[in-house]
**Q** 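Starting off with a structure, shown below.
We're numbering straight along the sequence, starting at 1.
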Amino acid sequence: MGLYDLYPVRSMPAMEAHEHLHLVSVLQGLANRAAPNLLVRWMQTDDYWRGKLQQPGRFLETAEIVSIPTLEALLERYAGVYQGVVLWDPSVPATSNVASTVAGVDNLLPIPYRDTPGSLYRRLVAAGPQLPVRVNLVGKFTGSGMIPDINESSSGSAKNDAYRWAIERYLETGLCNPARMGYTIDSFWTSHPEYGGDYSNSALTNHDFIIRHKGFFWDLSVWGDEKPNDDPGQPLQTDLTTLKRLFAAAASQSNQQIIHVAGFTPWAWKYCNELYSHGGTSTPFGKHGGVETEWETVRILSSYNAFIDADAIGLVGLSNASFYDHMPRPERFNFSPPPQLEDMQSSGYISAAGEAVPRTYWINYIGDYDSAAWMTTQLPSKWDHFRRNDLIHSWGWGPQLMERGMPIFDEYLRTCTPRDPVWASDNGAGYLNPTQLFTPRNPSGLGSGTATWQNHCRRWFQSLGIRQSGFVIDGGGPNFTHAQQAIYEPFSGDGLVTHTQFRAGEYPHMIGSMPVVGMADGGLNASPQNAASQIANLASSGGRHFLPVRSILKDPGYYYELNRALQRNHASILPALLDPNWFFYLMRHFLGGDNSARAFFLADTIPSEVIQGRTYQARAWLRNIGWDSWDSSEGMGYRLAVNLSDSINFTDSQLIAIGGVLAPGKMAELQFQFEVPSEEGRKYLLMDVVDPSGNRFGEKGNPFLIREVDLIGEPVGVSNWPEY
């Protein structure tokens, strides 16, 4: 595989840097489409992760990595993955994003038409290899007359005409992948590169992942009450109208499934009044605040079943995601089991009489890691910190970020300890406003998206053994009601933290069997000593307190000093730092709930490919992680339900008796025959525990097991495959 060094691009002028980063990132996405073939070196963490992955037993242990010295050599090495050039128009910055969309579908390289000395146009199209121009966007969009090729009147904006052309030609026709989108700033950033502080915030190296998946790129304002600063001459609401059309098409083409949007509001350059690092300017770029704009973006996109993988300004840059996307990902992960009643009692949290002892029970929500870019660049120094194992660190990570950021998850799976629990970051398996899953869904008008979201989260939570959601943001939407919170119980049944520092609520409380509590603070951004005082003030009234507290990009040394300051300076509140399992099991007990009907599915021997019509001998292992015994000594008892289904819904299940008495914390091994239907295709293998009354544990907030299994025909020339 090849390695190309992009670091010299940092010394180039902005437009020259743009065209280099853009071309190489698109080429990388094309080169890595079928297999991991090309790495780039752009940020310091690229060297860090490449070194990690070359260690014994890891993804690149045996890989031969060849450095590629020049751009021409790079293009020659990977000449088989592209067919020519899509030429874009620097006078219409949106065409840089449209060029990426076209390039991903048509296997082309994006190059701006700059007929100046040293430009890539002069170097690669007019001269050198003389790459053929297959699609020409130069002069195509003027903001007047008719939009070329699509028989549609102009929107009055060249920017929007370009996107509408791409929507009709590539998205509405099904050529694009509707579930993969890049919300990345167009070439407008080159007019004031200093606003972003670093070329990484151009998000150009983030393009490769979306290119690999033939996705759609866009950069539009969500506000209809003002014109965007990058296109002030457009009619009011033109950007917003185009955005709605874009996501209506994506929702339709994806059959209303979950849409992954990688990117974020370009605060430093557009659409809001955040003066991030504007080179000394004091002129805001809009009347709305940055967070307000973020929330409105999430609100609108969520109504179309889209979540944001939030590469926010300052830490936008991500490289090699198309390469990391090929790394193997866990289907399920077995973390440390939750505590038993006797563990709580011996720790002094539950009295001999069975009551929760009055103390301040607190938990760190270690954020904000709702972006693969933030995770891969910021976590190495935190994970390697010498204080990491000195106390509990409850990492708030989105499990779906494995797609673009698998190296940190690979490191976690190999080196985590019982003091490194993970719970889900905003807002589950993706940053989506859950209030927008319920009808009426403005502006999409779609039907309910709750089942789609639940099924998406179920599978991702299982991959890391996650059973709690650490921070559900409902900003900019209606109040997140108790009835709406209930949609989290099927996949986050062991705990939910809501975004409540901005609105009052009755906390903590129970939703079914799921304990729910509000985030206790707006963020611990002060010194450890001041943060300790902040926590102590929240618990000043005495009694029992359950306090989740949030912090952003702090290292383990910070949490060590914070905990020490609480213990030394605020001992009167009796602080007890817990992990998510202990925190929510204790809260459920305190609220009168029942820590029963909890199971964890450890392993099974059913292969991922099975031959249709065959019968397999199978085994499954599961653990009782509740506080109740499963008594099957009489009657029907507790049983394992196994179901092969076309959807994530139990239908006719095979029931296997667990037998005997399975005490809390104990494991059961079950043997059974598994019959495969006489049909081909992909199905879902589902497993759950059924109690003597016929109730599934999954109906009480305990996540059931989901696996994908392919049913295949008898292999040609093979008469007897071994049955498992």
Side-chain angles (χ1 to χ4, degrees), residues 12-27 82-127 130-150 152-171 176 182 184-193 202-204 207 211 216-221 228-234 238-239 242 246 266 269-270:
M12 295 179 179
M15 192 61 194
E16 190 175 339
H18 183 107
E19 62 181 7
H20 277 79
L21 291 171
H22 195 188
L23 184 146
V24 172
S25 297
V26 168
L27 176 62
Y82 61 90
Q83 305 300 317
V85 167
V86 50
L87 202 63
W88 59 271
D89 189 346
S91 68
V92 183
T95 60
S96 64
N97 268 346
V98 171
S100 281
T101 298
V102 173
V105 174
D106 294 339
N107 300 326
L108 303 175
L109 300 177
I111 293 179
Y113 179 67
R114 294 200 313 128
D115 195 9
T116 56
S119 69
L120 290 189
Y121 176 80
R122 284 269 188 100
R123 183 173 166 185
L124 302 175
V125 178
Q130 294 186 316
L131 300 176
V133 175
R134 304 297 188 188
V135 177
N136 190 345
L137 304 178
V138 179
K140 197 176 188 73
F141 308 108
T142 63
S144 61
M146 301 293 290
I147 302 176
D149 307 326
I150 66 172
E152 180 179 320
S153 296
S154 170
S155 65
S157 158
K159 170 187 179 180
N160 283 269
D161 287 358
Y163 283 122
R164 293 181 186 188
W165 177 88
I167 291 168
E168 181 164 324
R169 299 263 297 185
Y170 287 87
L171 187 57
C176 261
T184 58
I185 189 170
D186 56 33
S187 64
F188 180 80
W189 76 272
T190 60
S191 61
H192 286 285
S202 70
L204 286 163
H207 282 225
I211 292 291
F216 193 98
F217 292 81
W218 59 275
D219 172 13
L220 295 159
S221 173
N229 63 293
D230 67 326
D231 190 25
Q234 69 172 239
T238 305
D239 263 26
T242 302
L246 165 60
W269 290 279
K270 297 184 181 184

**Q** Of the non-hydrogen atoms in G156 and D161, which two are nearest, and what is the gap between them?
**A** N-OD1, 4.3 Å
**Q** Which side-chain N or O atoms in residues 89-99 pair as donor and acceptor under 3.5 Å with protein atoms at least two apart or in another chain?
**A**
| residue | atom | partner | partner atom | Å |
| --- | --- | --- | --- | --- |
| D89 | OD1 | S91 | N | 3.0 |
| D89 | OD1 | S91 | OG | 2.6 |
| D89 | OD2 | S91 | OG | 3.2 |
| D89 | OD2 | G139 | N | 3.0 |
| T95 | OG1 | D89 | N | 3.0 |
| T95 | OG1 | D89 | O | 2.9 |
| T95 | OG1 | V92 | O | 2.7 |
| S96 | OG | P93 | O | 2.7 |
| S96 | OG | S187 | N | 3.1 |
| N97 | OD1 | T184 | OG1 | 3.2 |
| N97 | ND2 | Y163 | OH | 3.1 |
| N97 | ND2 | T184 | O | 2.8 |

**Q** Taking side chain to side chain contact (heavy atoms under 4.5 Å, CB included) as the test, write out the residues that go with N229, two or more places apart.
**A** F188, K270, Y271, F285
**Q** Look at K159 together with D219 and state whether they make a salt bridge at an N to O cut-off of under 4.0 Å.
**A** no
**Q** Under 3.5 Å, side chain of S119 to main-chain N/O of R122, donor-acceptor pair present?
**A** yes
**Q** Taking only residues two or more places apart in sequence, or in another chain, which ones meet F216 in a ring pair (Phe, Tyr, Trp, His ring centres under 6.0 Å)?
**A** none
**Q** Tell me, please, which residues at least two apart from W218 pass side chain to side chain donor-acceptor pair (under 3.5 Å).
**A** none
**Q** Shortest non-hydrogen contact from W165 to I147?
**A** CB-CG2, 4.1 Å
**Q** Would M146 and S154 count as a side chain to side chain contact (heavy atoms under 4.5 Å, CB included) here? Give the steps.
**A** CA-CA 5 Å; M146 301 293 290; S154 170; over 6 Å; no
**Q** According to salt bridge (Lys or Arg N to Asp or Glu O under 4.0 Å), does anything in residues 91-114 pair up with another residue at least two apart or in another chain? List the pairs.
**A** E19-R114
**Q** Considering non-hydrogen atoms only, spot the tightest contact between T238 and S157 and give its length.
**A** CG2-CB, 4.3 Å
**Q** Side-chain contact test, heavy atoms from C-beta onward, threshold under 4.5 Å: evaluate it for L109 versus L124 and give yes or no.
**A** no
**Q** Please enumerate all residues that pass salt bridge (Lys or Arg N to Asp or Glu O under 4.0 Å) together with R169, with sequence neighbours excluded.
**A** none
**Q** When rounded to the nearest 0.5 angstrom, what is the spacing between OH in Y82 and CG in L108?
**A** 11.0 Å
**Q** Quick one: closest heavy-atom pair of L204 and H18, and the distance?
**A** CD1-ND1, 3.5 Å
**Q** If I take atom OG from residue S202 and atom CG from residue D186, how far apart are they, to the nearest 0.5 angstrom?
**A** 11.5 Å
**Q** Check side chain to side chain donor-acceptor pair (under 3.5 Å) between S25 and all other residues, then give those that pass, not counting sequence neighbours.
**A** none
**Q** Which pair of non-hydrogen atoms, one from T101 and one from C176, has the smallest distance, and what is that distance?
**A** CG2-SG, 3.5 Å
**Q** Would you list the pairs meeting salt bridge (Lys or Arg N to Asp or Glu O under 4.0 Å) in which at least one residue belongs to residues 133-148, sequence neighbours left out?
**A** K140-D149
**Q** Quick check: closest heavy atoms across A103 and V86, and the distance to 0.1 Å?
**A** CB-CG1, 4.1 Å
**Q** Please identify each residue that fulfils side chain to side chain donor-acceptor pair (under 3.5 Å) with T242, with sequence neighbours left out.
**A** N160, R164
**Q** Does the W269 side chain pair with the main chain of H192, one donor and one acceptor, at a distance under 3.5 Å?
**A** yes
**Q** Please identify each residue that fulfils side chain to side chain contact (heavy atoms under 4.5 Å, CB included) with A14, with sequence neighbours left out.
**A** W189, T190, P193, Y199
**Q** Suppose the criterion is ring-ring contact (aromatic ring centres under 6.0 Å, His included): which pairs have a residue in residues 105-127, not counting sequence neighbours?
**A** Y113-Y121
**Q** Would you confirm whether Q234, through its side chain, and P228, through its main-chain N or O, come within 3.5 Å as a donor-acceptor pair?
**A** no
**Q** About how many Å separate CG of L131 and CD of Q83, when rounded to the nearest 0.5 Å?
**A** 11.5 Å
**Q** So, using salt bridge (Lys or Arg N to Asp or Glu O under 4.0 Å) as the criterion, who are the partners of E168 when residues are at least two apart?
**A** R245
